Amino acid sequence: KCNLKKIDRLVLFAIKRIETKKGHDPYKHGLDLIKKAKSIARALNCPKNKIELIGCAAYLHDIGKSLIETGIVNKPSQLTFAEYKIIKRHVILGEKVVKPFNYLGSIIRHHHERFDGKGYPAGLKGKDIPLGSRIISLLDVYNAITHSRAYYPSRPKEFAINEIKRCANLPFDREY
């Protein structure tokens with residue numbers, strides 16, 4: 001059974017932890033994803049408790065970055081190979097932050113897997129990737145394309161949608 005009160009306490013703890021470590025508002029990205037993730041999960045007829053957990057995981061998907069050096073997380077230019085290796089650890093660190101919530105942790109751990117098996121950390125492929133992770137991955141990329149970064153400008157939502165469709169069955173599940 002899903003204990004949403006426990007999850008609420010976990011979320012409040014996690015938010016406070018990020019706020020303290022990073023000194024800015026790094027979770028706006030997560031807030032952008034909650035409603036969209038829950039909407040997709042609802043459209044896929046997920047049970048109500050899973051919809052809530054997917055929404056919570058969408059909010060916390062990058063929580064592991066709170067345990068990585070701020071200079072790497074907030075670097076205003078493209079990461080070096082060594083920095084990218086460090087940043088990739090955020091999925092494993094994120095899973096540890098949300099223990100003992102195994103389902104939530106699993107979604108967070110696998111949100112950078114790719115449908116073609118070329119993602120990380122485990123190289124999962126296809127339906128072996130938790131549904132919540134697939135939803136968050138899709139939204140994460142959409143959000144990255146449509147929001148400005150220090151090293152590239154935002155693109156229109158039509159561009160993002162076309163790019164995601166073009167990549168169906170590579171990083172993304174064509175069904176969703």
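For clarity, every value in this text was computed on a predicted model and none was experimentally measured. These numbers come from the heavy atoms of this one structure, side chains and all, not from hydrogens, waters or symmetry mates.
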Item to check | Parallel, tilted or perpendicular, as decided by the 30° and 60° cut-offs, for the rings of Y120 and H112 | outcome: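 It falls in the parallel class, under 30°.
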Taking all non-hydrogen atoms of both residues, which atom of [X] and which atom of [Y] are closest, and how far apart?
X: D62; Y: H111; value: OD1-NE2, 3.4 Å
X: I107; Y: G132; value: CG2-C, 3.6 Å
X: S106; Y: S133; value: O-OG, 3.7 Å
X: I87; Y: V73; value: CD1-CG2, 3.8 Å
X: L104; Y: L53; value: CD1-O, 3.4 Å
X: A57; Y: I136; value: C-CD1, 3.6 Å

Next on the checklist: Going by the rule ring-ring contact (aromatic ring centres under 6.0 Å, His included), which residues pair with F159 if we only count those two or more places apart in sequence or in a different chain?
Outcome noted: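 None.
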Item to check | Partners passing ring-ring contact (aromatic ring centres under 6.0 Å, His included) against H110 (at least two apart in sequence or in another chain) | outcome: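 ring-ring contact (aromatic ring centres under 6.0 Å, His included) check on H110 returns nothing, list empty.
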For residues [X] and [Y], determine if any side-chain heavy atom of one lies less than 4.5 Å from a side-chain heavy atom of the other.
X: P121; Y: R109; answer: yes
X: K96; Y: I92; answer: yes
X: V97; Y: L60; answer: no

Kindly write out the residues that satisfy side chain to side chain contact (heavy atoms under 4.5 Å, CB included) with [X], not counting sequence neighbours, or none if the list is empty.
X: K125; result: none
X: K118; result: R114, D116
X: K36; result: L139, Y142

[atom1]/[X] to [atom2]/[Y] distance, rounded to the nearest 0.5 angstrom?
X: I54; Y: S39; atom1: CD1; atom2: OG; result: 11.5 Å
X: Y84; Y: L79; atom1: OH; atom2: CG; result: 9.0 Å
X: I51; Y: I40; atom1: CD1; atom2: CD1; result: 12.0 Å
X: I135; Y: K38; atom1: CD1; atom2: NZ; result: 12.5 Å
X: F115; Y: L138; atom1: CZ; atom2: CG; result: 12.0 Å
X: L67; Y: L93; atom1: CG; atom2: CG; result: 5.5 Å

Item to check | Sequence-distant partners of T146, side-chain hydrogen bond (donor to acceptor under 3.5 Å, both in side chains), two or more places apart | outcome: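 Not a single residue meets the side-chain hydrogen bond (donor to acceptor under 3.5 Å, both in side chains) criterion with T146.
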Item to check | Counterpart residues, side-chain hydrogen bond (donor to acceptor under 3.5 Å, both in side chains), relative to K50 (two or more places apart) | outcome: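 side-chain hydrogen bond (donor to acceptor under 3.5 Å, both in side chains) list for K50, sorted by chain: empty.
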Next on the checklist: Main chain of L124, side chain of E113: is a donor-acceptor contact present, judged purely on distance under 3.5 Å?
Outcome noted: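 Side chain of E113 to backbone of L124, a donor-acceptor pair under 3.5 Å: yes, one is there.
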